[in-house]
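To find a chain, count down the sequence lines: A is the first, B the second, and so on, and within it residues start at 1. The figures that follow rest on heavy atoms only: side chains count, while hydrogens, waters and symmetry mates do not.
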2 protein chains.
Amino acid sequence: MQKKQAATVINISSIKAACKDCSLRELCLPLGLSEPDLSALDKLIKRRRALKKGETLYRHGDPLRALYAIRSGSLKTTGLIEDGRAQVTGFYLPGELLGMDAINTDQHPCNAEALEISEVCDIPYAALEDLAQKVPGLQHQLLRIMSREIVRDEDMLMMLGRMTAEERLASCLMSFSRRLARLGDSVVEFKLSMSRQDLGDYLGLALETVSRLLSRFQDEGLVSVHGRQIVLRNITRLRSMAAGNGREHSAQA
Amino acid sequence: MQKKQAATVINISSIKAACKDCSLRELCLPLGLSEPDLSALDKLIKRRRALKKGETLYRHGDPLRALYAIRSGSLKTTGLIEDGRAQVTGFYLPGELLGMDAINTDQHPCNAEALEISEVCDIPYAALEDLAQKVPGLQHQLLRIMSREIVRDEDMLMMLGRMTAEERLASCLMSFSRRLARLGDSVVEFKLSMSRQDLGDYLGLALETVSRLLSRFQDEGLVSVHGRQIVLRNITRLRSMAAGNGREHSAQA
DNA sequence: CGTAGCTTTGAGTGTTATCAACTCTCGTGG
DNA sequence: CCACGAGAGTTGATAACACTCAAAGCTACG
């Protein structure tokens, strides 16, 4: 992408943007930190790591070294059952934090894989905990982010346990819309970075069901679908479905 | 239950057992704390609260005042969808901590209800965060417990998203067995404190399905069921089913 | 000991999975 | 530039697992 000059052959993994200059500052760990605290945090974030599509950030069983803040791109975390069944436990977008489930046992209990070219900031965990001990704002923010992860998982439990397939998909689309909006992107049009298989593994559905539902949503005027490009056409009704009103059958008045 | 004497009319909610005398110390927040840190923690735990069966500890929307450590009994947390569908997001046993999902927004996102007569310790959250700021061991333990909650939710996601009904039930029974074992109770025989409806709402199944599965497990010699009294008869096979080997159909070799 | 709630069991249905074939897209190399 | 191939996505037919509705049996508590 960039013009290459002789002197620019540098290791991309050593590139480092300061948190204070990062556009995601207000979504990420630094939220609420004062200037000096921020640069203390900055000092321990070792590097920015670039990931190719399909590359893994960590695998099940890897020791916890760091938490990861997403700068760009997107990742999925996946849990596996012996016979090959997979459950995607989360999709992660820029500004979101990854790896907190490893704190409990100091081992990652799932795999994390980039869905597209992505960049993550490496936040060494031991150092983070030490700093959080000294900086009240950081401890607070870390606890809040972990709590948010619990809430997100619980929302997902509701989805998987008690929602129909169409409610799940609507819920998922609205979730992307909401989270992209925080990044300043369009709320109504976006490109999915994951396959139908990944969506199915996230929603607890077969990939064919996801595909069929997207087609049906399109027929009903709820969305436009061109491969992974999505346009939300009837957000009101999608929101209603996502809230659990998907059982009154789409009597599109 | 107790003989009542004139002088014993005391407010049960003011009874307070010190953490250091608590049999659950090694399972709970105090794990790893030194003597002085322990008594600091003790000081902020205001009271022990008694709950009757069906009584709620907090409701969706209530402001976060405290986290709750279970001393005895059991509770469930429930999320609701508009039309009455319920998802039980967790069952909580003695030594376990409740309410961490409220830290994110300072409001409880679900209801917590006692499944039987129970006692909980009230841990005021603001004070806990302050103390964790001063006591590294406490911060560490709090982060670990929150991480464990994330892991537990993720395990549940796998269960709801990718396991069959029988795998889910086996998984649930093994989970109770494991957690009761930590309390020193029998690993093989226990009494469920929740109804079939609650189990169904937890497992993402209809209550009739839970009932039928328990009957079938009994027919197959996996368990003995007398109402809510459960005896695990073939833990090996139950464990195997819980791990996801429930699809090779019980060819009881 | 009666009643209300919980549990079991049965019959029939439906949503979603599975299996299968076909199409589309996109990147690669001839 | 176009042909090719592989992976991704769509669509159809069929089947299974779990749900719903229904009724009877059980338990426990007042």
For this session: Could you check A/L207 against B/A206 and say which one's nearest nucleotide on DNA chain D is further toward the 5' end?
Result: A/L207
Exercise. Which pair of heavy atoms, one from B/R162 and one from A/R85, lies closest together, and at what distance?
Worked result: O-NH1, 2.7 Å
Exercise. Could you state the CD-C1' distance from B/Q229 to C/dT8, rounded to the nearest angstrom?
Worked result: 18 Å
Exercise. Just checking B/G200: base, sugar-phosphate only, or nothing, at a heavy-atom cut-off of under 4.0 Å?
Worked result: nothing
Exercise. Once you round it to whole Å, what is the distance between P of D/dC29 and CD1 of B/I117?
Worked result: 10 Å
Exercise. Side chains of B/S224 and B/R233: is there a donor and an acceptor less than 3.5 Å apart?
Worked result: yes
Problem set entry | Options D/dG12, D/dT20, D/dG9, nucleotide nearest the side-chain atoms of A/R196 | D/dG9
Exercise. Base, sugar-phosphate, or nothing for A/S211, non-hydrogen atoms under 4.0 angstrom?
Worked result: base
Seminar exercise, completed: note: B/K53, atom NZ; C/dA4, atom C1'; distance rounded to Å ~ 13 Å
Problem set entry | Euclidean distance, atom CG of residue B/L205 to atom P of C/dT7 [Å, nearest integer] | 15 Å
Exercise. Can you tell me how far P of D/dA18 sits from CZ of B/R162, to the nearest Å?
Worked result: 13 Å
Problem set entry | Atom pair distance, as rounded to whole Å: CD in B/Q197 and P in D/dC19 | 11 Å
Exercise. Going from CE on B/M100 to OG on B/S147, what distance comes out if it is rounded to the nearest 0.5 angstrom?
Worked result: 10.5 Å
Problem set entry | Residue pair B/S193 / B/S74, side-chain donor-acceptor N/O under 3.5 Å | yes
Exercise. Does the base of C/dT15 carry an N or O that pairs as donor and acceptor with the side chain of A/R216 under 3.5 Å?
Worked result: no
Problem set entry | Gap between atoms CG and P, on A/L203 and C/dT15 respectively (whole Å) | 18 Å
For this session: Tell me which nucleotide among D/dA18, C/dT18, D/dA22 gets nearest to the side chain of B/E208.
Result: D/dA22
Seminar exercise, completed: Closest to the side chain of A/R212, out of C/dT18, C/dT16, C/dT8, is C/dT18
Exercise. Between A/R179 and A/S175, does any side-chain donor sit less than 3.5 Å from a side-chain acceptor?
Worked result: yes
Problem set entry | Selection from D/dT10, C/dT16, D/dC19 that lies nearest to any side-chain heavy atom of A/V225 | D/dT10
Exercise. Cut-off 3.5 Å, side chains only: do A/Q87 and A/T78 have a donor facing an acceptor?
Worked result: no
Problem set entry | Proximal nucleotide (of D/dG9, C/dT9, C/dT18) relative to the A/R228 side chain | D/dG9
Exercise. Could you give the CG-to-P distance, from A/L213 to C/dT15, as a whole number of Å?
Worked result: 12 Å
For this session: Check every atom of C/dT8, C/dT16, C/dC19 against the side chain of A/A165 and return the nucleotide holding the closest atom.
Result: C/dT16
For this session: Looking only at side-chain atoms of A/S215, point me to the closest of D/dC21, C/dT18, D/dT10.
Result: D/dT10
Exercise. Counting side-chain heavy atoms from CB outward, which of C/dT16, D/dA18, D/dC21 is closest to B/T164?
Worked result: D/dA18
Exercise. Any N or O donor-acceptor pair linking the side chain of B/E166 to the base of D/dC17 at under 3.5 Å?
Worked result: no
